[in-house]
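Counting starts at 1 for both ligands and their atoms, in listed order.
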Amino acid sequence: MKLLTCILFFIALSAFAQPETITRKLNNDWAEVQFDSLGPLNKMAYADTANFMHQKVYPCARCLLRPEVAEALDKAYQLAQDKGYRLVLYDCYRPYPIQYKMYEIVNNPLYVAKPGKGSNHNRGQAVDISLADENGTLLDMGSAFDEFSEVSHYAYSDISRKARRNRRRLRNIMTEAGFTPMESEWWHFDYKQRTYDTSDYVWDCY
Ligand SMILES: [Zn+2]
């Protein structure tokens, strides 16, 4: 009976235990963020029509990153968790052929960069990210992800104090984990500690 109590207690405990890392190495080139009920929230915008293009351009919602970048994101996850927050992923590695497709759909270099030497998303070394509370409610960041206007600039002052504080929280977590923020998009962070090649690889869906 005692053993059964112990086993039940252990099962209950592990059901609520937070994962220690949120990424899993796939091979030498790629690691993947693990979305589960207690880890980061999967809001991968381009695998859905709820984005600024109103089109689904990814085959499915997987978040791939270069292995060293994934390690930095694991660190961000720990830092966020220590403060009682969950990470929210909007975009990770963006296959280079899909960058072309997005450029064709939007046809406006103000919103999608003309494919040239490629962006850090095409290299698997950038994330579009936000924070949620422990219940999964998104924190107010003063603008939606993908809102391409001044209100998305990190330092834009005409947003609530709460939103300014949340932007600062996200930035502090990400910079401490080794990422570099971007002034014009509060949600975008680059990993600049090494440079990877752009990639055409498109993940499988299963
Ligand atoms: Zn981005």
Side-chain angles (χ1 to χ4, degrees), residues 22-23 30-33 35 40-58 61-66 68-70 72-73 76-77 80 87-106 108-132 138-139 141-156 166-175 177-203:
I22 52 163
T23 64
W30 299 105
E32 177 170 21
V33 172
F35 294 110
L41 296 176
N42 182 346
K43 298 275 181 191
M44 297 294 288
Y46 306 128
D48 189 40
T49 54
N51 58 55
F52 73 104
M53 296 169 291
H54 311 291
Q55 281 194 42
K56 174 179 149 99
V57 291
Y58 284 2
R62 292 179 68 183
C63 169
L64 270 60
L65 293 168
R66 298 296 189 176
E68 203 173 303
V69 185
L73 195 71
Y77 161 72
L87 302 180
V88 180
L89 271 318
Y90 291 110
D91 196 24
C92 305
Y93 160 61
R94 181 185 303 161
Y96 203 39
I98 294 180
Q99 183 78 27
Y100 271 94
K101 198 171 162 188
M102 288 168 75
Y103 181 74
E104 276 170 22
I105 293 169
V106 177
N108 184 339
L110 271 181
Y111 300 120
V112 176
K114 193 171 184 175
K117 45 190 173 67
S119 79
N120 280 336
H121 278 296
N122 305 137
R123 295 187 180 88
Q125 57 186 99
V127 286
D128 293 336
I129 192 164
S130 189
L131 295 174
L138 300 190
L139 299 199
M141 290 290 176
S143 87
F145 154 73
D146 249 10
E147 187 170 327
F148 294 106
S149 72
E150 260 184 53
V151 72
S152 296
H153 293 187
Y154 175 76
Y156 188 74
N166 289 338
R167 285 185 183 188
R168 200 161 52 238
R169 274 188 184 125
L170 174 65
R171 181 178 279 210
N172 287 345
I173 287 169
M174 293 302 283
T175 52
F179 289 88
T180 304
M182 189 187 215
E183 294 310 315
S184 57
E185 298 175 0
W186 59 258
W187 57 81
H188 178 100
F189 292 86
D190 293 298
Y191 183 83
K192 291 187 171 172
Q193 300 184 40
R194 65 178 277 193
T195 302
Y196 293 90
D197 290 333
T198 61
S199 173
D200 290 341
Y201 171 67
V202 181
W203 52 85

For this session: Return the name of the atom in His188, of element N, O or S, nearest to the Zn ion (ligand 1).
Result: ND1
N/O donor-acceptor pairs under 3.5 Å from side chains in residues 44-56, not counting sequence neighbours:
unit_1 : atom_1 : unit_2 : atom_2 : d
Tyr46  : OH     : Asp146 : OD1    : 3.1
Tyr46  : OH     : Asp146 : OD2    : 3.1
Asp48  : OD2    : Ala50  : N      : 3.4
Asn51  : OD1    : Met53  : N      : 2.8
Asn51  : OD1    : His54  : N      : 3.0
Asn51  : ND2    : Ala45  : O      : 3.0
Asn51  : ND2    : Asp48  : O      : 2.8
Asn51  : ND2    : Gln55  : O      : 2.8
His54  : ND1    : Asn51  : O      : 3.4
Lys56  : NZ     : Pro59  : O      : 3.1

Exercise. Are Phe145 and Trp186 close enough that their ring centres sit under 6.0 Å apart?
Worked result: no
For this session: Using the test salt bridge (charged side-chain N to carboxylate O under 4.0 Å, His left out), find all partners of Glu150 that sit at least two apart in sequence or belong to another chain.
Result: none
For this session: Taking the Zn ion (ligand 1) as the reference point, name the nearest N/O/S atom of His121.
Result: NE2
For this session: Specify whether an N/O/S atom of Asp128 falls short of 2.8 Å from the Zn ion (ligand 1).
Result: yes
Problem set entry | Asp91 and Tyr58, any side-chain heavy atoms less than 4.5 Å apart | yes
